[in-house]
Amino acid sequence: MPEKTTKWIIVTGGVISTLGKGIVAGSLGALLKMRGYKVTAVKIDPYINVDAGTMRPTEHGEVFVTFDGGETDQDIGNYERFLDENIPKNHNITTGQVYLEVIKRERNLEYDGKCVEVIPHIPLEVQRRLRKAADDTQADYVIVEIGGTIGDYQNVLFLEAVRTMRLKGEPMIFAHVTYLPIPRTAGEMKSKPAQHSLRALNANGIQADFVIARSDEPIDEVRKEKISVFGNVKKEHVISCQDLESIYDVPLLLQEQKFDELVVNSFHESPKPLGKKFSDWKALAAKSRNGGKEVKIGVIGKYFNSGDFTLEDSYISVIEAIKHAAYNNDVKPVIQWINSLEYEKSPEKLEGLKEYDALIIPGGFGKTGVEGKISAIKYAREENIPFLGLCYGLQLAVIEHARNVINIKDANSAEIDMSSDDLVIDVLPEQKKNLEAKNYGASMRLGNYEAVLKKGTRTFNLYGEEKIFERHRHRYEVNPEYKEKLEKKGLVFSGLSPEGKLVEFIERSDHPFFIATQAHPEFTSRPLNPNPLFDGLVKAALKK
Ligand code: GLN
């Protein structure tokens, strides 16, 4: 294939973290894609972890699973949703991956006896990875978000990698997302920290071409002028990006200021026109702003007590999937967090679940809070509350059914209690070795797996086809030995793996809407194309 000239858009952050760089970058990508360009995104994370899979959600937010089985940073999920593109796992580059590769090559004598040094060998490996991402996807535009904040010690080598790429003639622009605080005591927006972050960028040999000004309020002309003059950036390249009610409005705000057009112009090209998808997006953004009838959805989880990350970060794809389904049905989602431990301490609180139009048990790991979740599932089953179980949610729903409907009192999962006589959820055979060897990184059943849906079931009707793919991330499964014993008294295995061995979907025939899946359907939901299970849940919630 002839090599395409990739145009690079490098996004850096200034002043503070958690600015929404990913949303800004994703929104720009969405606009370029709506203009008919092929766009992809790369996220660089300057941590030593090889991937996000070994980090607790309360530490780093959700682990986003890609179709090809990557356990990646939650920003990859943002990119998939904004770009409506599947992003491969090698588009999430970490310091750990880069060093691991360089050291492996050094051990294999691949450096011809040279002294292998941080400079140039680390930036060269970063460049090789970026180049590969561009070549594999043949994208017109590759957006590269460099995680962290300018001035952090950790991202210097990545800045060095992109700086020298540009020096060698790669078409590349830099967009710096920075913050303008409005201190309460000053009562006005301050641009000095942003000016300093632009200087810090300069100190790394990089001049910003665009500045995206994040703040509570829109940035005024006076401050635009200051950023322009002190930051050495054209005034019309200073783009205002104030807080908005809905993230789906960000592309519209950026478009109003012609950010996407100016970016194309920066590469000495004239932009193609915005396609029909732009009006679809506008309609979606309007729905995300407008009220409409409320549906109250309870998410029963446990990753709530957090350091830097909020609980929304732990379950971000689940939240977004609920929103997509709600907007598709013209309703306003009211999402509430329920800590399952509450039901262990005070079972009488289960009565409170009556208030909800639907309940979700998302993925999870370990023992904490599982008994509370199982009681909540029992309540949803008995009180006919629409229910969706995701991964652990399926496993716990099977345990609940075994214990309370089939009367296998000791039913449990090997993850929770190895000593149980009835492990209705057991470790996947190929996972036993991994657990014994403490091989925890990137070793679960990960990524896309096919499921064959049983005709006539609700699951089949929602997907509308027999063979479907969803993404997975788990070590345990429904124990095949119990399949016959369990599939009665209302429980239906509505989707199995192609060879018929693994249970991928369950539903209840004695309930208005009770579905669970071993997969994570939240990862395939897109703003204009909600996942069928979430869509079904919202429709059922509306009927309740
Ligand atoms: N802990 C369960 C397993 O490993 C479920 C994982 C999940 O919910 N992602 O199988």
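Atoms within each ligand, like the ligands themselves, are counted from 1 in listed order.
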In this structure, are over 12 heavy atoms from other groups packed under 6.0 Å from E481 atom CD? no
Over 60° means perpendicular and under 30° means parallel, so classify the ring planes of W337 and Y315, tilted if in between. parallel
For atom 7 (C) of ligand 1, the closest protein heavy atom turns out to be C391 SG, 3.1 Å
Could you tell me whether the side chain of V538 reaches within less than 4.5 Å of the side chain of V331, counting heavy atoms only? yes
Heavy atom under 4.0 Å from ligand 1: found in E477's side chain, backbone, both, or neither? neither
Counting each atom of ligand 1 from 1 as listed, which ones have a heavy atom of G363 under 4.0 Å away? 8 (O)
Polar contact flag for F365 and ligand 1 (N/O pairs, less than 3.5 Å): no
Do T66 and D68 have side-chain N/O donor and acceptor atoms under 3.5 Å apart? yes
List the steps, then state whether side chain to side chain contact (heavy atoms under 4.5 Å, CB included) holds for I23 with F82. CA-CA 8 Å; I23 303 287; F82 275 89; 3.9 Å; yes
Classify the angle between the aromatic ring planes of H474 and H472 as parallel (below 30°), tilted (30 to 60°) or perpendicular (above 60°). tilted
Compare A519, G364, S413, P362 and give the one whose heavy atom is closest to atom 6 (C) of ligand 1. G364
In terms of atom number and element, which parts of ligand 1 are under 4.0 angstrom from non-hydrogen atoms of H474? 3 (C), 4 (O), 6 (C), 10 (O)
Among all protein heavy atoms, pick out the one at the shortest distance from atom 1 (N) of ligand 1; state its residue, atom name and that distance to 0.1 Å. E415 OE1, 2.7 Å
Identify the protein heavy atom lying closest to atom 4 (O) of ligand 1, giving its residue, its atom name and the separation to 0.1 Å. R475 N, 3.0 Å
Look at ligand 1 and say whether Q395 reaches it with a heavy atom at a distance under 4.0 Å. yes
Taking 4.0 angstrom as the limit and counting only heavy atoms of H520, give me the atoms of ligand 1 inside it, by number and element. 7 (C), 9 (N)
Close side-chain approach of E470 and H520, heavy atoms under 4.5 Å: no
Looking only at distance, does Q518 have an N or O less than 3.5 Å from an N or O of ligand 1? no
Number the atoms of ligand 1 from 1 as they appear, then name those within less than 4.0 Å of a heavy atom of R473, with their elements. 6 (C), 7 (C), 9 (N)
Taking the six-membered ring of Y79 as reference, does the cationic atom of R81 (NZ for Lys, CZ for Arg) lie under 6.0 Å from its centre and within 45° of its axis? no
